[in-house]
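One structure is given here, and the rest of the page talks about it.
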There are 2 protein chains.
Amino acid sequence: MKWDELDGMPCSVARSLAIVGDRWTILILRNAFLRTRRFDDFQAQLGITRHLLASRLAKLVKLGVMTKVAYQDRPPRYEYRLTEMGRDWYSVQMALVAWGNKWLAGAAGVPLEFLHQKCGHKFQPVTVCSECREPLDVREVTPTTGPGLRQRPNVTR
Amino acid sequence: MKWDELDGMPCSVARSLAIVGDRWTILILRNAFLRTRRFDDFQAQLGITRHLLASRLAKLVKLGVMTKVAYQDRPPRYEYRLTEMGRDWYSVQMALVAWGNKWLAGAAGVPLEFLHQKCGHKFQPVTVCSECREPLDVREVTPTTGPGLRQRPNVTR
DNA sequence: CACAGTAAGTTCTAAAATAGAACCTTGTCA
DNA sequence: TGACAAGGTTCTATTTTAGAACTTACTGTG
């Protein structure tokens, strides 16, 4: 399978991976959520090569996850900001953080903690059912074919 | 940065990526949640090369995400099952599915829908605050240094 | 007993992606 | 004029991945 076939697959995991399926892209988004906006700042914070950073940012812009905004005219300078689609990625990132916090923190404890301003509590991100707000367990979920999959029998997800 | 430095970073996103930071690994886990267990089944369903599949499964086993269980003795045959750590990955996968469903489904609609047996409803996965159960927005969350990060000032997350 | 089949890998070469460093462009400021 | 800044592009070397063939240890069939 070639990677540009991924976004045509009838599976939301595969399609998402076509966009964010490499480690650098996820780290770029992580730092974007920490308010990083400029090319050189991303480069310095991540240690990514300039070449890869340029190509990843261009891809994120092309796909609508970030936008390139001029912040001065001469010389022309740009910054990269999350779009609504990009901001929405936060739920995936926080799920990833929760998983890492739970399973990979080790004896020293978690690197970061989070305070929810809305309720005032320290919290962990939890992925729940939109209807009953209970945490999801694979054994309690039944997948069924959706409209995007009818009359296409070769499914994986 | 080399990729084996990732798991030592004081950031749960980076540490998680050290395990699941490539596309094949995430697709392997996806199919594991769809009850795939055997080498040849993973290979046929995913189209991954046998070489990569073997190395990815070995890594997942080594890191505790899956276990290799003998299901017959002669000839010895094994299957791969999710551990509790692996099952817990479901929340990340479902967050990914929700993001793909929302932003990448296109006109045809979402590929899969999900029924929650616990409450009987079709649902979308939502990442919420463990305390107040409200969906997370980056603008309402304040990250603070946790115990794993005290006296280590060079942070990204 | 030879022989086709099955499951789970390993080994090989070619192609693609990434790392690391240097270079380029357009402007400002001293 | 020359140094500096931001945002890239270009180059070669190294690492990863793709694709196909081969291996091993059995089993059941004629």
Side-chain angles (χ1 to χ4, degrees), chain A residues 1-9 14 17-29 31-32 35-63 66-81, chain B residues 1-9 14 17-29 31-32 35-63 66-81:
Chain A
M1 198 209 318
K2 307 230 176 73
W3 283 116
D4 44 353
E5 296 170 38
L6 263 184
D7 64 344
M9 290 179 72
L17 289 180
I19 297 183
V20 294
D22 71 288
R23 300 187 255 208
W24 282 126
T25 300
I26 293 177
L27 291 175
I28 289 167
L29 290 174
N31 283 38
R35 311 289 191 265
T36 301
R37 290 181 170 156
R38 298 189 184 175
F39 191 93
D40 281 16
D41 291 337
F42 280 112
Q43 202 273 318
Q45 290 164 21
L46 295 173
I48 187 177
T49 65
R50 308 179 69 79
H51 175 61
L52 265 201
L53 177 58
S55 90
R56 291 293 184 271
L57 286 173
K59 184 175 177 186
L60 287 170
V61 168
K62 192 181 81 185
L63 296 172
M66 302 189 87
T67 42
K68 189 173 178 174
V69 182
Y71 67 85
Q72 69 176 37
D73 281 343
R74 35 173 68 73
R77 291 286 181 267
Y78 305 95
E79 59 184 23
Y80 294 88
R81 295 179 180 233
Chain B
M1 199 209 314
K2 307 232 174 74
W3 283 117
D4 43 353
E5 296 170 37
L6 262 184
D7 65 344
M9 290 179 71
L17 289 180
I19 297 183
V20 294
D22 71 290
R23 302 188 254 207
W24 282 125
T25 299
I26 294 176
L27 292 175
I28 288 168
L29 289 174
N31 283 38
R35 311 286 192 268
T36 302
R37 290 181 169 154
R38 297 188 184 177
F39 191 94
D40 280 17
D41 292 337
F42 280 112
Q43 202 275 317
Q45 290 163 21
L46 295 173
I48 186 176
T49 65
R50 307 180 70 78
H51 175 62
L52 265 199
L53 177 58
S55 88
R56 291 293 183 271
L57 287 172
K59 184 176 177 185
L60 287 170
V61 168
K62 191 181 80 185
L63 296 171
M66 303 190 87
T67 41
K68 188 173 179 175
V69 182
Y71 67 87
Q72 71 177 35
D73 281 342
R74 33 174 69 75
R77 290 287 181 266
Y78 304 95
E79 59 183 24
Y80 294 88
R81 295 180 179 232

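Here is the naming used below: chain letters follow the sequence lines, and residue numbers restart at 1 for every chain.
- Both tests pass for B:Lys68 against the ring of B:Tyr78: distance under 6.0 Å to the centre and angle within 45° of the axis.
- Across B:Gly21 and A:Arg23, no two heavy atoms sit closer than the pair O-CG, 2.7 Å.
- Helix-axis bend for the helix from C:dC1-D:dG30 to C:dA30-D:dT1: the local axis fitted to the five terminal pairs at one end deviates from that at the other end by 10°, rounded to 10°.
- Every residue two or more places apart in sequence or in another chain that forms a side-chain hydrogen bond (donor to acceptor under 3.5 Å, both in side chains) with A:Arg81 is listed here: A:Glu79.
- Contact annotation: A:Lys68 side-chain N/O to D:dG8 OP1/OP2 distance is under 4.0 Å.
- By the side chain to side chain contact (heavy atoms under 4.5 Å, CB included) test, A:Phe39 is found to be paired with A:Arg50, A:Leu53, A:Ala54, A:Leu57, residues two or more places apart in sequence or in another chain being considered.
- A straight line from CZ of A:Arg37 to P of D:dG7 spans 13 Å, rounded to a whole angstrom.
- Residue order along DNA chain D, read from the 5' end via each residue's closest nucleotide, puts A:Pro76 first among A:Pro76 and B:Pro75.
- When side chains are defined from C-beta on, A:Thr25 does not count as touching A:Ile19, because their heavy atoms never get closer than 4.5 Å.
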| note | Heavy-atom contacts, protein to nucleotides 12-24 of chain D, under 4.0 Å, summarised as B (base), S (sugar-phosphate only) or - (none) per nt, yield -----SBB-B---
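- Here A:Asp41 pairs with A:Thr36, A:Arg38, A:Gln45 under the side chain to side chain contact (heavy atoms under 4.5 Å, CB included) rule; sequence neighbours left out.
- Here the side chains of B:Ile48 and B:Phe42 are not in contact, with every heavy-atom distance at 4.5 Å or above.
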| task | Give the C-alpha distance, both sets of side-chain angles, the deciding distance and a yes or no for side-chain contact (heavy atoms from CB on, under 4.5 Å) between B:Arg56 and B:Asp22. | result | CA-CA 10 Å; B:Arg56 291 293 183 271; B:Asp22 71 290; 2.7 Å; yes
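- Side-chain N or O atoms of B:Gln72 include one that pairs as donor or acceptor with a backbone N or O of B:Pro75 at under 3.5 Å.
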| Step-by-step side-chain contact (heavy atoms from CB on, under 4.5 Å) determination, B:Tyr80 to B:Thr67 | CA-CA 6 Å; B:Tyr80 294 88; B:Thr67 41; over 6 Å; no
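- Within 4.0 Å of A:Tyr71, counting heavy atoms only, lie sugar-phosphate atoms of the nucleic acid but no base atom.
- Atom pair A:Tyr80:OH and D:dA6:C1' shows a separation of 11 Å (rounding to whole Å applied).
- The shortest heavy-atom contact between B:Lys59 and B:Ala18 is NZ-O, 3.0 Å.
- The span of DNA chain C lying next to chain B, judged by atoms under 4.0 Å from heavy atoms, is bounded 5' to 3' by C:dT6 to C:dG20.
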